[in-house]
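This report refers to the structure that appears directly beneath it.
The structure displayed is predicted, hence computed values, not measured ones. A, B, ... follow the sequence lines: proteins, then strands. Residue 1 opens every chain.
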Amino acid sequence: MPKVTESALVAAPPEKVFQMFVEPQRAVMFVPGLSRINNISPDKRSWDYEFNWLGLVISGHSECTASEAPKKYQFKTVTGNKSTWTYRCEPDGANTKLSLEVEYEVPQQQLARFASETVLQKMNQNTAREIVSHIKTLLEP
Amino acid sequence: MSIRIRIIDLRRTFVLQVWSRDTDRRLRQIWIAIRTRERDWAVVFCNALDLLMDTSKVDRQRISFAEGDGQIAWQRTAFWTIIRLDMSAFSKKKRRLLAAALLKSARYSD
């Protein structure tokens, strides 16, 4: 599967950065286009998501596959085009190197709409960059 | 399992940003929320601020946050609610992101 990665140095300890991921609903605050997280399981290991994309509501289901505080948080979207999102927090002095890796299936039916796989990769790269930038902004003064 | 696609989001509240002033020190915005159903704005915004890891204090139709340097207030009328956001804390980039996150909450949270 193709993947995109983004990273940034965040002026906060890894424990604080990791707190951004443990509450699934918090993702609405920093993921572009993500409008709702619903039906969170009591152990916070699965949830439904809704994206609002140009007025269309796209909903699906996600499952957390790794939560190793404060180092790694991973979840998978298990509906539609599957993807795996992995956040890693590595200490760097008093700061944290935050990285996000998104592995995704290329949607063959929808590919014609995007014209090329390269365009899709660029869109995903931009989204990952925005997410990492938003987390950094929220955690810094 | 497959994803679901809907054209109309019936749970959404229509909230329009009608005015904005964004300077180096302060961000102010006014939103209009069309009243299709009763909403407890204190709960909506307190939950959003909690997710943003900020502490908030509710005082009737006003919430203060960012140690008093941020305020969000609402005023109900017969057909819509006027919401005023005022922030003088944080960096310009962070203020914009917080404003966008609060607006998203006003539109989509239940």
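Shown here is A/K71, whose NZ atom has no more than 12 heavy atoms of other residues, nucleotides or ligands within 6.0 Å. Crowding of B/R11 atom CZ: a count of heavy atoms from other residues, nucleotides or ligands under 6.0 Å exceeding 12.
What you find for B/M53 and A/K16 is that their closest heavy atoms are CE-O, 4.2 Å.
Among A/L56, A/I37, A/T77, the residue making the largest number of heavy-atom pairs under 4.5 Å with chain B is A/L56.
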Expected list for residues 39-49 of chain B: side-chain donor-acceptor pairs under 3.5 angstrom, two or more places apart:
from, atom 1, to, atom 2, distance (Å)
B/R39, NH1, B/T13, OG1, 3.0
B/R39, NH1, B/A106, O, 2.4
B/R39, NH2, B/S109, O, 2.4
B/R39, NH2, B/S109, OG, 3.2
B/D40, OD1, B/A42, N, 3.3
B/D40, OD1, B/V43, N, 3.4
B/N47, ND2, B/V43, O, 3.4

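Only the side chain of A/E50 comes within less than 4.5 Å of a heavy atom in chain B; its backbone stays farther off. With a 4.5 Å cut-off on non-hydrogen atoms, A/Q25 touches chain B through its backbone and its side chain both.
Distance check, rounded to the nearest 0.5 Å: CD1 of B/I5 to CZ of A/F51 gives 13.0 Å. Between A/L34 atom CG and B/Y108 atom OH the span is 10.5 Å, to the nearest 0.5 Å.
In this structure, A/S59 and B/R6 have side chains that are in contact, with non-hydrogen atoms separated by less than 4.5 Å. In this structure, the side chains of A/L138 and B/L52 come closer than 4.5 Å at one or more pairs of heavy atoms.
Note on A/V4: it clusters hydrophobically with A/F21, by side-chain heavy-atom contacts below 4.5 Å among ILVMFWY residues. With hydrophobic clusters built from ILVMFWY side chains whose heavy atoms lie under 4.5 angstrom apart, B/F14 does not share a cluster with A/W53. Note on A/W85: it clusters hydrophobically with A/V106, by side-chain heavy-atom contacts below 4.5 Å among ILVMFWY residues. When the side chains of ILVMFWY residues are joined at heavy-atom separations under 4.5 Å, either directly or via intervening members, B/I34 and B/I30 end up in a single hydrophobic cluster. If you chain together hydrophobic residues whose side chains sit under 4.5 Å apart, B/I83 and B/W19 never meet in one group.
A/R26 places a side-chain N or O within 3.5 Å of a backbone atom of B/L51 that can act as its donor or acceptor partner.
Proximity to chain A among residues 93-104 of chain B is limited to B/K93, B/K94, B/L97, B/L98, B/A101, B/K104, judged by heavy-atom separations below 4.5 angstrom.
Looking at B/D9 and A/R36, a side-chain N of the basic residue comes within less than 4.0 Å of a carboxylate O on the acidic one, giving a salt bridge.
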Run the side chain to side chain contact (heavy atoms under 4.5 Å, CB included) test on A/M29 and B/S105 for me, step by step, so that the C-alpha distance in whole Å, both residues' side-chain angles and the decisive distance to 0.1 Å come before the verdict. CA-CA 8 Å; A/M29 299 293 141; B/S105 294; 3.3 Å; yes

